[in-house]
Each structure stands twice: as structure tokens, then as C-alpha cells.
Amino acid sequence: MNIFAAYKDIVLAELDALTAEGLLPAGLDTGRVTVEPPRDPSHGDMATNAAMVLAKPAGQKPRDLAAALAARLERAAGVTEASVAGPGFINLRLLPAVWLTCLRDCLRAGPAYGDSRIGDRRRVNVEFVSANPTGPMHVGHARGAVVGDALAALLEKAGFRVAREYYINDAGAQVDALARAAHARYLQALGRLGEADIAAMLARKELEYGGDYLVPVGERLAAEFGDAYVDEPEATWLAPVRERAVAMMLDAIKDDLAALGVAFDVFTSERGLVQAGRVDATLAFLEAQDLIYTGVLEPPKGKTPEDWEPRPQTLFRATRFGDDVDRPVRKSDGSWTYFAGDIAYHRDKVERGFSDLINVFGADHGGYVKRLQAVVRAVSDGHAHLDVKLCQLVSLLDRGEPVKMSKRAGTFVTLRDVVNRVGKDVVRFIMLTRKNDAALEFDFAKVTEQSRDNPVWYVQYAHARACSVLRHAETLFPGRDLSPAGLADAAVEVLEAPEERDLVRLLASWPRLVEGAAEAHEPHRVPYFLGEVAAAFHGLWTKGKDDAELRFLVPDDPARSLARLALVQGVATVIASGLQIIGVEPVRELR
RNA sequence: GCGCCCGUAGCUCAGCCGGAUAGAGCGUCGGCCUCCGGAGCCGAAGGUCAGAGGUUCGAAUCCUCUCGGGCGCGCCA
């Protein structure tokens with residue numbers, strides 16, 4: 001339970017009471033009322049801005065309204081003091097029992113602590129990765145994969161029902177190019193082409209993809225097709241080779257994603273949508289609403305392509321839904337553009353019952369956001385909403401030096417390389433240590449070192465340390481119930497030190513953080529919060545060094561020790577709960 | 001030229017659906033190891049929140065403009 005939300009409900013109830021008494025006009029908008037931790041902890045446990053927000057519409061002075069509200073709040077359950085401060089804040093002090101109850105809730109809930117119902121089981125569609133099935137995944141894809149997966153997990157924790165989706169771009173020129181490259185490797189596998197021939201074809205731009213990863217693909221094609229497509233024209237082999245090559249690439253991508261701990265619920269094929277007539281149907285649907293027309297676009301100002309010439313095109317009226325220009329849906333050869341397929345795909349999502357859509361894209365797709373949002377509005381009659389999370393570049397470093405990557409030189413760093421080198425947990429955590437729209441540096445040396453510099457290690461260390469204390473306690477207090485549930489029954493009232501109280505409050509704010517991060521679609525808040533918990537815990541741990549009274553384990557005072565163990569277990573539980581969202585395994589020991 | 005993102009301490013970054021004295025790490029300086037894991041902790045110094053206007057009781061946060069950086073800009077996906 002989010003204890004701050006609970007007290008907000010109390011504030012709202014007291015506001016209603018003031019209204020009933022005639023002290024407030026009816027029908028006030030309380031949407032901007034908040035109850036949150038005060039900036040300065042010395043102000044109290046919680047603060048509300050209710051009086052300041054409502055003063056003007058109520059026609060009252062903020063401090064007068066605050067005084068009236070505070071008088072009521074002072075009598076509310078768990079409140080020991082409600083004071084008016086500054087321009088009209090009401091600071092609340094709560095009984096310690098309020099926070100200690102949160103700690104008990106945490107211990108009883110385990111890693112499920114922080115689960116929320118704000119999602120109300122509404123369905124959300126999260127599309128991410130959607131890498132072209134033309135080769136292995138590289139590090140750039142890893143960020144989108146982690147952001148999408150963690151966002152999905154965060155939304156699930158907040159009570160949404162989430163579908164993780166991958167859109168397979170298997171209908172365009174890219175996969176034809178893949179098929180040609182795979183066919184060349186097929187000929188190579190049959191001894192009809194040598195490595196030099198392939199190099200020459202690449203140099204002549206006859207082939208687009210030259211990576212070694214296609215060698216085994218060629219071998220498998222040779223095994224499956226024999227020499228059936230050796231002397232045939234492209235028209236004969238393109239489709240079957242393409243189909244098999246795409247399937248193999250997709251399998252490889254799924255393997256890479258599995259290594260990163262990412263799995264999808266739904267894969268949607270662009271080609272499948274085209275072949276099922278969904279693109280035609282969608283465009284007809286839009287045409288019926290006069291949202292498709294033939295027109296001539298203006299050249300982009302300041303950057304007119306050299307071969308620009310005005311020509312009539314089939315356009316979608318994206319400008320009617322907030323886009324900057326209308327967008328072409330048909331190429332000059334009559335086939336659909338990529339965008340047309342995406343219109344059909346997003347209509348498909350809406351028709352499957354999703355009105356909350358999230359797409360995780362690379363930053364280079366920024367120019368695509370408005371048109372997609374326009375599409376979603378158009379195909380849903382304005383009911384569905386699309387949020388796009390753009391992920392900025394990841395730059396790979398090693399001890400501060402850029403890792404040189406070049407496709408040509410073969411020093412391209414794949415997702416698999418990175419996972420093999422540092423482990424999936426490190427990759428996942430680090431990918432969330434920046435908000436998605438800020439560039440991220442990934443330093444191989446730094447992310448694996450054991451120091452305060454390395455946030456993954458720092459958080460894991462806190463968890464391991466907590467587990468270590470609990471292990472030690474088992475030998476010190478044999479026969480005691482030190483399980484989380486048992487510790488929940490400990491007399492935690494003896495947690496009186498300010499540092500202990502602060503840590504309890506921090507743990508109690510975890511459910512609030514989950515809700516805020518989920519509403520904002522910002523999974524990066526989770527690792528930051530875990531860093532705060534870890535710092536508070538390490539600090540308290542070290543205080544026990546200076547002041548033996550503060551040590552977690554006091555051999556001749558089992559009652560105090562058990563209470564502190566409850567706190568230690570709370571730390572471990574919240575860290576585990578947060579790591580679960582990120583998809584990182586909490587370690588019980590560091591090695 | 002237009003659109004989107006970014007600009008916060010020396011460095012790397014949180015904070016941004018408006019709230020009180022703008023936070024953290026690194027670095028610098030000064031401290032803390034008989035100990036439940038010192039792989040750590042504590043303290044100090046360090047700021048025109050890029051700049052200028054505006055809205056507001058209140059702006060790092062919202063709006064406008066300027067400057068600086070990144071990305072994108074008709075049949076690539």
C-alpha cells in the first residue's frame with residue numbers, strides 16, 4: 001500500500017468535511033492536491049499543498065484555509081501534529097507505528113511489496129526492440145530491450161496487464177537484401193562461390209550484408225534446398241530463401257534476447273499483415289473517412305534533395321492529427337511504404353483492445369513519433385494514446401577509452417558479446433542508470449569493478465550485506481524465527497534511532513515510487529531508488545562501527561536485535577523487489 | 001529552414017504533470033579500520049539550474065524567444 005496515497009485520501013476526506021460545513025465551496029477541483037515527503041525531513045513526515053492549491057478557487061487566504069484543514073487533520077488517525085508552515089503547507093507528523101506498520105507489510109509481502117492496483121488491470125501494449133531480422137543484435141538494441149522489458153515489468157507491478165510485442169520488419173527491401181546475401185552464402189556452401197567472390201560482390205554493392213553470421217545460414221540453406229536454387233533466376237529463389245533466412249535471423253535474435261532475459265508475448269509480422277490484406281483494409285478504412293488523398297508535397301525547407309521533383313503521391317492526412325506534413329503511404333512502384341504497414345499494425349493493436357500503447361524506439365526514429373501518434377488517434381477515433389520512449393545512443397568504453405566499432409573491420413560489438421563479457425544483470429542494471437532520452441556511457445571496466453563507482457555492485461553489495469547479517473544472526477540466535485514473516489512480528493517499536501527511523505520511512509516510500517515511475521513510464525527511477533536504499537543501509541551499517549549501540553546484532557539484547565533484523569530484512573526485500581522489476585537477480589553473497 | 005530531445009557543482013548525472021534552503025556520486029580537502037563483510041562510511045568546500053522575458057502566492061520544473069549540442073526531415077526500415 002502506498003501510505004502517502006492513504007493520507008491523501010484522508011486529506012481529501014477532511015476537505016469534503018470542510019465543504020459539508022460550508023467552509024469550502026462545493027465542486028472544488030482537488031486534482032492538484034498532493035501528499036508527499038517534505039523537502040526537509042525536519043518539517044515532519046508528510047506535507048500537503050492542499051490549502052495553497054485550493055485557496056484561490058475557494059476565495060480564501062492559503063494560511064487561513066490551512067489552519068482550518070490542519071485542525072481537522074490533527075485529529076486524523078495516526079497523526080500527532082499538523083502544523084501550517086511557509087506559504088500554506090501543512091506538515092504532518094505521524095505516530096511511529098504508521099511507518100512501522102509499513103515495515104511489517106513489507107516483510108509479509110516479500111518481493112511483492114510495492115505491488116499496486118493503480119493500473120486497475122487495464123491493458124497496456126509495449127512494443128520494443130523490433131530490430132530488423134537481418135543480423136544479430138548489437139549493443140544499441142540492448143538498451144531498447146532492457147528499457148522496454150523493465151517498463152513492462154514496472155507496469156505489471158503497478159497493476160497493469162502488459163503485452164510485450166515485437167514487430168518484425170520482414171516485408172521491405174532490407175529482407176530482400178538479406179535473402180540475396182544468404183543466397184550467396186548458400187552458393188558458397190555448395191562450393192559455387194569463394195570468399196573472394198563474395199567480397200567482390202560486396203564491393204560492387206551487389207550484396208548489402210557481408211557478415212560471417214550468414215555463413216551457417218548458407219550451410220543450412222544448402223542442407224535444406226540442396227542444389228535446387230543454384231542456377232535458377234532470383235525470382236525463383238528469392239521468396240523461399242528470404243523466408244528461411246528471416247526465420248533463422250529471428251531465431252538468433254530470440255536467442256540473444258533470451259541471453260538478456262527478455263521474452264516477448266507477441267510477434268507480429270509486417271509481411272503477415274500485408275498478405276492477410278490488413279494493409280489494404282486499413283487504407284480503405286482511412287480512405288472512407290477521407291484521410292487518404294493524392295497530393296504533392298512541398299520539399300523540406302532548407303534541405304531540398306538534389307533530385308527533388310514535385311510528384312503526386314498517395315498521402316495520409318497526418319496533419320489533421322497534429323503531424324507537420326501529410327505522409328506517403330505508397331511507393332511509386334505501387335507497393336506500400338513502411339509507414340503504411342505501421343498504420344495497419346497500430347490499427348491492429350487498437351483492434352486487439354489496447355488503448356494504451358507504448359513504443360520504445362531508438363533516437364534516430366524521433367522524426368517518426370508525431371506521425372505514429374497521428375495514426376493511433378486516427379484509427380482509434382481518438383480513444384487510444386501512444387507514448388514513445390526514445391532511447392539515446394549507448395557508447396561503449398573500456399577504461400574510459402572508446403571501444404572501436406566497425407562493421408568492415410569486424411570489430412562490431414554484438415549484444416551477445418557484451419552479455420558474455422559482463423553478464424546480463426550488469427547490462428540490464430546499467431542500461432537503466434540514465435533516463436531513456438539521455439546518452440549513456442557503458443564502460444566495461446567500470447561496470448564490473450567492485451566500488452562505489454559502480455551502481456550495480458553497490459546495490460548488490462547492500463543486498464549481500466543484509467543477507468550476511470541475517471546469516472550471522474542465525475548462529476547468534478539459534479531457535480529464533482528469523483524468517484521475514486517471523487521478523488514481521490518482532491517488537492519493531494524499539495527502532496528509535498533517527499537513522500533507523502529514516503531508513504524505515506525510505507523503505508515505506510517504495511510503493512509510492514513504483515506508482516510514480518509507472519505513471520511516468522520511467523523505469524530508470526527504480527535503480528536510482530535502490531541506490532538510495534543501499535546508501536542509507538551502508539551508512540547505518542558503518543554507524544555500528546563507531547557506535548556499538550547501533551549495531552544490528554546485540555548478543556545480549558535479542559529483542560533489539562530482532563527489531564533491527566526486521567529492518568535489515570526490509571532492506572533486502574525492497575532491493576529484491578526493485579531488482580525484480582529491472583530483471584536482475586539479487587545476490588546473497590559477493591564473490 | 002522546420003520538428004523532436006538535451007543544456008543543473010570542476011566531471012558524470014538525479015530532481016521536471018509548479019512547492020519550502022536545488023540533491024547524489026566522482027574528483028579535491030579533512031577524518032573513520034581489534035568489529036554483523038572497510039569491496040565501506042562520515043565531514044567540508046563547490047551552483048547566475050545555458051541566457052532573456054512571461055504565467056503564478058511560488059518556476060530547475062509550465063509558456064515564448066535567443067544561444068549551444070544531438071537526432072530527424074518525399075517512395076530506408
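Letters A, B, ... are given to chains in the order of the sequence lines, protein chains preceding strands, and every chain is numbered from 1.
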What pairs of donor and acceptor atoms, side-chain ones from residues 553-560 of chain A against any protein atom, are under 3.5 angstrom apart with sequence neighbours left out?
from, atom 1, to, atom 2, distance (Å)
D557(A), OD1, R560(A), N, 3.2
D557(A), OD2, R560(A), NE, 3.3

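- Looking at heavy-atom distances under 4.0 Å, H365(A) makes contact with a base.
- Evaluation of the side chain to side chain donor-acceptor pair (under 3.5 Å) test over residues 522-531 of chain A, restricted to residues two or more places apart or in two chains, returns E522(A)-R525(A).
- The residue G367(A) sits close only to the backbone: its heavy atoms come under 4.0 Å of sugar-phosphate atoms, none of a base.
- Within the nucleic acid shown, E208(A) has no heavy atom closer than 4.0 Å to any nucleic acid atom.
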Between protein and nucleotides 24-34 of chain B, map the contacts as a letter string: B base, S sugar-phosphate only, - none, heavy atoms under 4.0 Å, written 5' to 3'.
-> -SS-----S--

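- Atom pair D443(A):CG and rC13(B):P shows a separation of 13 Å (rounding to whole Å applied).
- Within 4.0 Å (heavy atoms only), N91(A) reaches at least one base atom of the nucleic acid.
- Residues of residues 166-179 of chain A having a heavy atom closer than 4.0 Å to RNA chain B, listed by number: N169(A), G172(A), A173(A), Q174(A).
- rA9(B) sits 12 Å from rC26(B) when the C1' atoms are compared, rounded to a whole Å.
- The side-chain contact (heavy atoms from CB on, under 4.5 Å) search around Q392(A) returns R143(A), A363(A), A439(A), not counting sequence neighbours.
- Counting any heavy atom pair closer than 4.0 Å across all strands shown, Y528(A) reaches sugar-phosphate atoms only and no base atom.
- Under the rule for a salt bridge (charged side-chain N to carboxylate O under 4.0 Å, His left out), E449(A) has no partner lying at least two apart in sequence or in another chain.
- Using a 4.0 Å heavy-atom cutoff across all strands shown, A47(A) reaches at least one base atom of the nucleic acid.
- Checking rA77(B), rC16(B), rU21(B) against the side-chain heavy atoms of N132(A) singles out rA77(B) as nearest.
- Nucleotide rC2(B) holds its P atom 16 Å from the CZ atom of R327(A), rounded to whole Å.
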So what is the 5' to 3' dot-bracket string for RNA chain B, if pairs are Watson-Crick or G-U wobble with both distances under 3.5 Å, crossing pairs use [ ] and | means the partner sits on another strand?
-> (((((((..((((.....[...)))).(((((.......))))).....(((((..]....))))))))))))....

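- Evaluation of the side chain to side chain donor-acceptor pair (under 3.5 Å) rule for S509(A) yields no partner, not counting sequence neighbours.
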Under 3.5 Å, which protein N or O atoms sit close to an N or O of nucleotides 7-12 of chain B? Give each pair with its distance.
from, atom 1, to, atom 2, distance (Å)
rU12(B), O2', R434(A), NH2, 2.8

Can you give the donor-acceptor pairs under 3.5 Å from side chains of residues 60-68 of chain A to other protein atoms, not counting sequence neighbours?
from, atom 1, to, atom 2, distance (Å)
Q60(A), NE2, L23(A), O, 2.5
R63(A), NH1, G86(A), O, 2.6

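- Residue pairs meeting the salt bridge (Lys or Arg N to Asp or Glu O under 4.0 Å) criterion with at least one member in residues 457-466 of chain A, sequence neighbours excluded, do not occur.
- Taking R512(A) as the reference, E36(A) meet the salt bridge (charged side-chain N to carboxylate O under 4.0 Å, His left out) condition, with sequence neighbours excluded.
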